Trainee: 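Can you keep this structure in mind? I'll have questions shortly.
These figures come from a predicted structure and were not determined experimentally. All values below come from the heavy atoms of this structure, side chains included, with hydrogens, waters and symmetry mates left out.
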Amino acid sequence: MGLAEFERKKDEKINGIIYDMSPSPNFKHGIINNNINRIIGNNLKNSLCLVFMENLDFKYQPDINDDYLCPDIMIVCDRKQLKGGSYYGVPKFIVETLSPATAKRDRSEKKDIYEKSGVEEYWIVSPQGSVEIYYLENGRYVLQQNYMLQADKEEEDYNAEQEITLKAFPHIRMTLENIFEGIE
């Protein structure tokens with residue numbers, strides 16, 4: 001048996017259907033996730049909350065079936081709900097960074113699952129420079145903000161220094177420039 005056979009393939013299971021997440025998406029996807037993860041992680045020091053990047057399954061219906069998602073970035077605060085490689089509670093915040101293979105699911109099934117699960121804030125980030133921010137209001141996601149990065153200071157709609165704050169963690173701030181740093 002080769003080493004590759006022992007490696008866990010990254011996948012998700014929605015309504016009993018397994019979606020293979022391998023191979024990994026474009027490197028820009030990883031750079032963006034790492035930028036966001038680093039900023040959040042640095043600001044969660046000495047907190048009960050933890051941030052995970054692509055390495056913790058979210059078991060969103062543990063009493064019904066064994067479906068799970070593996071969000072790109074997830075903040076969890078109820079440590080008693082961490083078991084093995086899974087989280088059984090309700091994440092406070094989730095980011096999905098789009099890739100051609102997952103874009104439709106990130107905007108439909110996964111968005112619906114996060115909404116029904118009670119995730120307070122959901123971001124959909126595109127490597128092309130957009131950030132959609134959804135807040136849960138009365139059990140439904142409402143598009144709170146939709147940014148499209150304009151990094152050229154000469155343009156009138158320049159917004160690279162636009163600051164974004166996490167709703168549940170107002171001390172965690174990042175700019176569009178921070179999110180997309182290093183992808184050019």
Side-chain angles (χ1 to χ4, degrees), residues 10 12 14 19 21 24-44 47 49-58 60 68-78 87 89-151 157 159-184:
K10 189 174 169 196
E12 294 180 320
I14 304 171
Y19 295 92
M21 309 280 287
S24 294
N26 184 296
F27 71 91
K28 292 179 179 181
H29 183 275
I31 291 172
I32 290 165
N33 287 346
N34 195 44
N35 290 342
I36 297 170
N37 183 66
R38 185 177 58 249
I39 293 164
I40 293 172
N42 287 341
N43 284 282
L44 285 180
S47 164
C49 299
L50 300 165
V51 63
F52 291 89
M53 184 174 91
E54 303 174 7
N55 62 352
L56 186 71
D57 291 340
F58 168 37
Y60 57 91
Y68 56 90
L69 296 174
C70 187
D72 285 324
I73 296 171
M74 175 169 59
I75 297 177
V76 303
C77 297
D78 185 355
Y87 184 67
V90 178
K92 290 279 187 192
F93 172 83
I94 287 179
V95 175
E96 291 290 0
T97 301
L98 300 178
S99 67
T102 66
K104 184 171 186 256
R105 252 189 341 274
D106 291 342
R107 291 184 177 285
S108 55
E109 291 110 315
K110 290 170 79 170
K111 182 174 167 241
D112 292 347
I113 289 166
Y114 298 148
E115 181 182 79
K116 284 186 191 117
S117 299
V119 178
E120 294 173 27
E121 186 171 356
Y122 176 46
W123 290 13
I124 298 175
V125 180
S126 163
Q128 286 71 43
S130 74
V131 180
E132 295 171 31
I133 298 173
Y134 294 89
Y135 288 172
L136 196 62
E137 294 178 10
N138 301 316
R140 304 289 301 172
Y141 275 141
V142 175
L143 181 62
Q144 188 67 29
Q145 199 55 256
N146 190 357
Y147 298 104
M148 178 58 78
L149 175 66
Q150 174 50 268
D157 48 356
N159 64 1
E161 295 171 18
Q162 172 68 50
E163 194 171 76
I164 303 172
T165 304
L166 274 63
K167 184 178 183 183
F169 305 90
H171 69 286
I172 301 179
R173 298 179 167 96
M174 62 191 86
T175 63
L176 291 174
E177 194 171 50
N178 299 148
I179 293 169
F180 297 104
E181 182 183 338
I183 65 164
E184 278 147 33

Trainee: Indicate yes or no for a side-chain donor-acceptor contact from His29 to the backbone of Pro127 under 3.5 Å, with no hydrogens or angles considered.
Mentor: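 Checking the backbone N and O of Pro127 against the side chain of His29, no donor-acceptor pair under 3.5 Å is found.
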Trainee: Can you label the angle between the Tyr134 ring and the Tyr141 ring as parallel, tilted or perpendicular, going by 30° and 60°?
Mentor: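 Correct class here is tilted.
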Trainee: Do Leu44 and Phe169 touch side chain to side chain, with heavy atoms closer than 4.5 Å?
Mentor: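 Side chain of Leu44 against side chain of Phe169, heavy atoms only: contact under 4.5 Å found.
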Trainee: Does a side-chain heavy-atom distance below 4.5 Å link Lys92 with Val76?
Mentor: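 No; the side chains remain at least 4.5 Å from each other.
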Trainee: Take His171 and Asn43, measure what side chain to side chain contact (heavy atoms under 4.5 Å, CB included) needs, and give me the verdict at the end.
Mentor: CA-CA 8 Å; His171 69 286; Asn43 284 282; 4.1 Å; yes
Trainee: Got Asp106 and Tyr122 here, is their nearest side-chain heavy-atom distance under 4.5 Å?
Mentor: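 The answer is yes, as the side chains (C-beta and beyond) meet within the 4.5 Å cut-off.
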Trainee: Asn159 side chain to Gln150 main-chain N or O, any donor-acceptor pair under 3.5 Å?
Mentor: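 Side chain of Asn159 to backbone of Gln150, a donor-acceptor pair under 3.5 Å: yes, one is there.
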Trainee: If I compare all heavy atoms of Glu12 with all of Cys70, which pair ends up nearest, and what's the gap?
Mentor: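 Scanning both residues, the minimum pair turns out to be OE2-N, 2.8 Å.
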Trainee: For the residue pair Ile14 and Tyr60, what are the closest heavy atoms and their distance?
Mentor: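 Closest heavy-atom pair between Ile14 and Tyr60: CA-OH, 3.6 Å.
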Trainee: Measuring from Ile75:CD1 to Phe52:CZ, what's the distance to the nearest 0.5 Å?
Mentor: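 Nearest 0.5 Å value for the CD1-CZ distance: 11.0 Å.
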Trainee: For a 4.5 angstrom cut-off between non-hydrogen side-chain atoms, does Phe180 reach Val125?
Mentor: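 SC-SC contact between Phe180 and Val125 confirmed.
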Trainee: My understanding is that only one of Lys110, Arg105, Lys111, Lys104 makes a salt bridge (charged side-chain N to carboxylate O under 4.0 Å, His left out) with Glu96; could you say which?
Mentor: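 For Glu96, the salt bridge (charged side-chain N to carboxylate O under 4.0 Å, His left out) test succeeds with only one of Lys110, Arg105, Lys111, Lys104, which is Lys110.
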Trainee: Quick one: do Leu69 and Asp57 satisfy side chain to side chain contact (heavy atoms under 4.5 Å, CB included)? Show the steps, please.
Mentor: CA-CA 6 Å; Leu69 296 174; Asp57 291 340; over 6 Å; no
Trainee: Does Ile94 form a side chain to side chain contact (heavy atoms under 4.5 Å, CB included) with Ile73? I'd like the steps, not just the answer.
Mentor: CA-CA 6 Å; Ile94 287 179; Ile73 296 171; over 6 Å; no
Trainee: Measure the CD-CD distance between Glu120 and Glu137 for me, rounded to the nearest 0.5 Å.
Mentor: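 Between atom CD of Glu120 and atom CD of Glu137 there are 11.5 Å.
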Trainee: Would you call Lys167 and Glu121 a salt bridge, taking side-chain N to carboxylate O under 4.0 Å as the test?
Mentor: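 Glu121 and Lys167: not salt-bridged.
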Trainee: May I ask you to test the Val131-Asn146 pair for a side-chain heavy-atom distance under 4.5 Å?
Mentor: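 No, too far: nothing below the 4.5 Å cut-off.
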Trainee: For the backbone of Glu181 and the side chain of Asn35, can you confirm whether one donor and one acceptor N or O come within less than 3.5 Å of each other?
Mentor: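 Judged by distance alone, yes, a pair lies under 3.5 Å.
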Trainee: Mind telling me whether Trp123 and Phe93 have parallel, tilted or perpendicular rings, with 30° and 60° as the class edges?
Mentor: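 Perpendicular, since the angle between the ring planes exceeds 60°.
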Trainee: Of the non-hydrogen atoms in Ala151 and Ala160, which two are nearest, and what is the gap between them?
Mentor: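 Looks like CA-CB, 4.1 Å.
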Trainee: Should Leu136 and Val142 count as side-chain neighbours, where that means a heavy-atom distance under 4.5 Å?
Mentor: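 When only atoms from C-beta onward are counted, Val142 and Leu136 do not touch, as no gap falls below 4.5 Å.
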Trainee: Using side-chain heavy atoms (C-beta onward) and a distance below 4.5 Å, is Met74 in contact with Val51?
Mentor: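 Result no, sub-4.5 Å side-chain heavy-atom pair not found.
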Trainee: So, taking the atom named CD1 in Ile32 and the one named CG in Asn37, what distance separates them when rounded to the nearest 0.5 Å?
Mentor: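 One gets 13.5 Å once the value is rounded to the nearest 0.5 Å.
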Trainee: Among Val95, Ile172, Leu50, find the one that has a side-chain contact (heavy atoms from CB on, under 4.5 Å) with Ile40.
Mentor: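 In the set Val95, Ile172, Leu50, the residue that makes a side-chain contact (heavy atoms from CB on, under 4.5 Å) with Ile40 is Ile172.
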Trainee: For the atom pair CE (Met174) and CD1 (Ile164), what is the distance rounded to the nearest 0.5 Å?
Mentor: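 So the CE of Met174 and the CD1 of Ile164 are separated by 7.5 Å.
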Trainee: Can a donor-acceptor pair be found between the side chains of Gln128 and Ser126 at a distance below 3.5 Å?
Mentor: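 Indeed, the side chains of Gln128 and Ser126 share at least one donor-acceptor pair under 3.5 Å.
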Trainee: Is a side-chain N or O of Ser117 found less than 3.5 angstrom from the main chain of Ile113, in a donor-acceptor match?
Mentor: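 Yes; at least one donor-acceptor contact below 3.5 Å.
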Trainee: Just verifying a value: how many Å separate Glu54 CD and Asp72 CG, rounded to the nearest 0.5 Å?
Mentor: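 It comes to 5.0 Å.
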Trainee: Begin with the C-alpha distance, continue with both residues' side-chain angles, and end with the deciding distance and a verdict on side chain to side chain contact (heavy atoms under 4.5 Å, CB included) for Phe58 and Val90.
Mentor: CA-CA 8 Å; Phe58 168 37; Val90 178; 5.8 Å; no
Trainee: At what distance, to the nearest 0.5 angstrom, does OG of Ser99 lie from CG of Asn26?
Mentor: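 Reported to 0.5 Å precision, the distance equals 9.0 Å.
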Trainee: Taking Asp112 for the side chain and Glu109 for the main chain, is one N or O donor matched with an acceptor at less than 3.5 Å?
Mentor: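 Between the backbone of Glu109 and the side chain of Asp112 there is no qualifying donor-acceptor contact (under 3.5 Å).
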